[in-house]
Q: 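Take this structure first; my questions come after.
For this chain, numbers begin at 1 and follow the sequence in order. Keep in mind that this is a model prediction, so the values were computed, not measured.
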Amino acid sequence: MATLNISTRMSLLKPTTPDFLPSSNTLTHFLAFQSRPRNIRPPHNKNHNHASFTLRSMTIAEEKHKGHLNSSNGPLGNPEKYSLYDDQSIDYYSMGQARVTPNSRRKTKIVCTIGPSTSTREMIWKLAETGMNVARLNMSHGDHSSHQKTIDLVKEYNSQFDDKILASVATIECTLFCIHIVCSVLNAETMIGVTVETIGPEVRSGDLPQPIMLKEGQEFNFTIKRGVSTENTVSVNYDDFVTDVEVGDILLVDGGMMSLVVKSKTHDTVKCEVVDGGELKSRRHLNVRGKSATLPSITDKDWEDIKFGVDNQVDFYAVSFVKDAKVVHELKDYLRSCNADIHVIVKIESADSIPNLHTIIPASDGAMVARGDLGAELPIEDVPLLQEDIIRRCQRMQKPVIVATNMLESMINQPTPTRAEVSDIAIAVREGADAVMLSGETAHGKFPLKAVKVMHSVALRNESSLPITTAPPSELSYKNRMGEIFAFHATTMSNTINTPIIVFTRTGSMAILLSHYRPHSTIFAFTNEVRIKQRLGLYHGVLPIYMEFSNDAEETFSRALKLLLDRGHLKEGEHVTLVQSGAQPIWRSESTHHIQVRRVQS
């Protein structure tokens, strides 16, 4: 076992981390450092204390070697992984293929919208087994009764693990054999999170008894009168619609599937001419190119839906059409008043939100790139650039980011995706999205399970071909960056010697930091909080596992390793990087953090 202990009472000099370890064929022991603060007086700042590291022990078995350093986990620091794009004669077919195995775990998470095609018990079970990590409830469709049914089914699915969790707690004092039996049947991957997505200030057409075919050049009207549905006029749900639009504005229906130009208006009706026709169905979303509705970001209907989510203890809110940080603070204040532990995901989909990204994202717990409405309110050619920018901002701020809308749109009606859709998923994965989302594909599509399988396989394949890089945290000398420093070095160690990471967390903070640095291997995040387990299911590369912590650290470590061994996540003889660090100390003094490299033994 190798251990790195650092006291948080000191600051760290910027380390120099080599890309590769010294060459050898057999790794018997890795690093063992212990920090010892020394009174070093810098010439210009007598109050600035530095840490000096004393090497306690290091044993490397040297042999004559050919090739690169190897361990029981595989090659260490293989330079080919760092020069993936340097060779102009790359075999693109085999690129990363060796790293996709039957036991490979997808790091990019999948959010599935639940609707008529998937709202049964059987389908929710199958979605979870196929790859769904988070179930999305779109409050634009359905009612509280139908959404309650879905939440109850997801809770029922998750509850099948509760008995096993309680059983494992009850047998902590039993023999190691008893613990082995109980823990081995705990499925670590399958508890599903729930997100409620508010409607927001959406402008939608009214209900229609049957679809209306709009033809180019046809006159068609939208009225603020309720309940109107004729062949040339339909209601809208927004009383200020006539006030907000101007003659010459372009109206986009259903994310741009149809478009109309405003010709004139009266006190209650907007008269248009169809530019691009199509089939108008009930409750289609309306946008005005380059404009946002003047409705508040959280409407009265949204507050009802938010209370519904609080009552059901959902994991996330996805708040639609967030224009500024004020609405995020307002919602978080409300949640605190309800003592509700629910994270707020902001949907970036309006033109007004773009200038305020620098305040919206920090105020939130994560973001969603909602490309449908974003592309309706802004030039469509800007959407890919905005997607990349939002992903990078979220990565810098250590927030999860979801890429959504039209990812496998053709699979609503077809069993296979277009090649462009496959590339779209790949781009989101390679840009570093934490999750990708299915909307109509799983809500009302004909092939929801196939859509999830496609998303899973495309994400897994592209993750395998990504180069391994680890960007160092900024401002290494600051004490409040200690968590970042440890996440960075744990990731560097894991990538260098090709080990999975095991972290123990009560709040999820260290698991989130590790996810931010995108280690190549899986982050096994053990927590004794069920809600933290479900929430961590959204973060890139994190496989959350519920387990009660005992007062004895070594006992808990042993049970965690045995669980992973029994589930087939680890093999005997492999090495793992074990991290003890985070917002709340577990089995350690508050001033000490640990990184350990351990060999897995049964």
Side-chain angles (χ1 to χ4, degrees), residues 111-116 118-119 124 134-155 192-207 226 236-239 282-286 292-350 353 360 363-368 370 372-373 402 404-405 437 439-440 442-444 531 534-535 538:
V111 180
C112 295
T113 305
I114 306 301
T118 50
S119 58
I124 288 176
V134 177
R136 169 185 177 243
L137 307 181
N138 186 356
M139 307 309 282
S140 296
H141 304 282
D143 54 22
H144 285 183
S145 176
S146 62
H147 292 309
Q148 184 69 60
K149 176 186 173 184
T150 299
I151 292 174
D152 291 343
L153 287 172
V154 171
K155 287 183 176 181
I192 305 302
V194 175
T195 181
V196 165
E197 183 170 307
T198 63
I199 300 174
E202 286 189 327
V203 181
R204 287 185 178 268
S205 60
D207 289 317
R226 297 295 186 262
V236 294
N237 66 342
Y238 177 34
D239 291 336
S282 296
R283 301 186 185 186
R284 296 299 94 181
H285 193 194
L286 304 178
S292 298
T294 56
L295 283 167
S297 291
I298 300 181
T299 65
D300 292 341
K301 170 66 165 61
D302 293 335
W303 284 115
E304 294 176 7
D305 295 336
I306 288 167
K307 185 179 184 302
F308 171 78
V310 170
D311 292 341
N312 283 279
Q313 296 182 319
V314 299
D315 300 291
F316 306 98
Y317 287 121
V319 186
S320 297
F321 296 97
V322 175
K323 300 175 184 178
D324 53 46
K326 180 181 177 181
V327 65
V328 182
H329 295 305
E330 182 182 5
L331 176 54
K332 287 195 168 188
D333 288 343
Y334 171 78
L335 294 176
R336 277 191 289 269
S337 72
C338 299
N339 197 28
D341 183 21
I342 302 174
H343 276 200
V344 176
I345 305 295
V346 290
K347 290 184 67 182
I348 307 300
E349 55 187 335
S350 69
S353 67
I360 292 174
S364 73
D365 299 303
M368 179 188 296
D373 289 302
I402 305 166
T405 319
M437 193 176 90
S439 300
T442 52
H444 58 84
R531 287 190 62 77
Q534 292 180 197
R535 181 177 299 154
L538 181 62

Q: Does the pair Lys155/Asp152 count as a salt bridge with the N-to-O cut at 4.0 Å?
A: no
Q: Is there a donor in the side chain of Glu202 and an acceptor in the side chain of Ser140, or the other way round, less than 3.5 Å apart?
A: yes
Q: I need the Ile342 CD1 to Gln313 CD distance, nearest 0.5 Å.
A: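 Reported to 0.5 Å precision, the distance equals 8.0 Å.
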Q: Using side-chain heavy atoms (C-beta onward) and a distance below 4.5 Å, is Thr299 in contact with Ile199?
A: no
Q: For a quick test of reading the model, state the closest non-hydrogen atom pair linking Pro201 to Ser297 and the distance between them.
A: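 Answer, listing the atom of Pro201 first, then Ser297: CD-O, 3.5 Å.
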Q: How long is the straight-line distance from CD1 of Ile402 back to CE of Met437, given to the nearest 0.5 Å?
A: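 Interatomic distance, Met437 CE to Ile402 CD1, rounded to 0.5 Å: 7.5 Å.
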Q: Pair Cys112, Arg136 - check side-chain contact (heavy atoms from CB on, under 4.5 Å), show working.
A: CA-CA 6 Å; Cys112 295; Arg136 169 185 177 243; over 6 Å; no
Q: Before giving the answer on side-chain contact (heavy atoms from CB on, under 4.5 Å), spell out for Asp302 and Val319 the whole-Å C-alpha distance, their side-chain angles and the decisive distance to 0.1 Å.
A: CA-CA 9 Å; Asp302 293 335; Val319 186; over 6 Å; no
Q: Taking atom CG of Asp365 and atom CG of Leu538, what is their separation to the nearest 0.5 Å?
A: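 So the gap between those two atoms works out to 10.5 Å.
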Q: Between the main-chain N or O of Thr405 and the side-chain N or O of Ser439, is there a donor-acceptor pair closer than 3.5 Å?
A: no
Q: Applying side chain to side chain contact (heavy atoms under 4.5 Å, CB included), name anything that partners Asp315, two or more places apart in sequence or on another chain.
A: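 So Asp315 forms a side chain to side chain contact (heavy atoms under 4.5 Å, CB included) with Val194, Arg531, Gln534.
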Q: Minimum heavy-atom separation for Asn237 and Arg226, please, with both atom names.
A: O-NH2, 3.5 Å
Q: So how far is it from Ser350 OG to Asp324 CG, rounded to the nearest 0.5 Å?
A: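 If we round to the nearest 0.5 Å, Ser350:OG and Asp324:CG are 9.5 Å apart.
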Q: What distance do Asn312 atom CG and Ile151 atom CD1 have between them, rounded to the nearest 0.5 Å?
A: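 Asn312 atom CG to Ile151 atom CD1 measures 4.0 Å (nearest 0.5 Å).
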Q: Are Tyr317 and Ile345 close enough that some pair of their side-chain heavy atoms sits under 4.5 Å apart?
A: no
Q: For a quick test of reading the model, state the closest non-hydrogen atom pair linking Ser205 to Ser282 and the distance between them.
A: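 The pair with the smallest heavy-atom distance is OG-C, 4.4 Å.
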Q: Of all residues at least two apart in sequence or in a different chain, which pass the side chain to side chain donor-acceptor pair (under 3.5 Å) check with Ser353?
A: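 By the side chain to side chain donor-acceptor pair (under 3.5 Å) rule, Ser353 matches no residue at all.
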Q: Which pair of heavy atoms, one from Val328 and one from Ala363, lies closest together, and at what distance?
A: CG1-O, 3.3 Å
Q: Is any side-chain heavy atom of Ile124 closer than 4.5 Å to a side-chain heavy atom of Val154?
A: yes
Q: Any side-chain heavy atom of Glu197 within less than 4.5 Å of one from Leu137?
A: no
Q: Decide if atom CG of Asp333 counts as having more than 12 heavy atoms of other residues, nucleotides or ligands within a radius under 6.0 Å.
A: yes
Q: Do Arg535 and Asp341 meet the salt-bridge criterion of a basic N to acidic O distance under 4.0 Å?
A: yes
Q: Is it the case that Asp305 and His144 place a side-chain donor and acceptor less than 3.5 Å from each other?
A: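 Yes, His144 and Asp305 have a side-chain donor paired with an acceptor closer than 3.5 Å.
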Q: Could you go step by step and tell me if Val344 and Lys332 meet the side-chain contact (heavy atoms from CB on, under 4.5 Å) rule?
A: CA-CA 8 Å; Val344 176; Lys332 287 195 168 188; 4.1 Å; yes
Q: Evaluate side-chain contact (heavy atoms from CB on, under 4.5 Å) for Ile298 paired with Thr198, printing each intermediate quantity in order.
A: CA-CA 8 Å; Ile298 300 181; Thr198 63; 6.0 Å; no
Q: To the nearest 0.5 Å, what is the distance between CD1 (Ile114) and OG1 (Thr195)?
A: 11.5 Å
Q: Do you know which two heavy atoms are closest between Ile360 and Val346, and how far apart they sit?
A: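 Answer, listing the atom of Ile360 first, then Val346: CG2-CG2, 3.8 Å.
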Q: Does any part of the side chain of Met139, heavy atoms only, come nearer than 4.5 Å to the side chain of Glu304, both counted from C-beta?
A: no
Q: Are the ring centres of His285 and Phe321 closer than 6.0 Å?
A: yes
Q: Give a yes-or-no answer on whether the side chains of Asp143 and Ser145 include a donor-acceptor pair shorter than 3.5 Å.
A: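 Side-chain D/A pair, Asp143 to Ser145: absent.
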Q: With sequence neighbours left out, what residues match His141 under side chain to side chain donor-acceptor pair (under 3.5 Å)?
A: none
Q: Taking all atoms of both residues into account, what is the closest heavy-atom pair of Lys149 and Ser119, and its distance?
A: CE-O, 3.9 Å
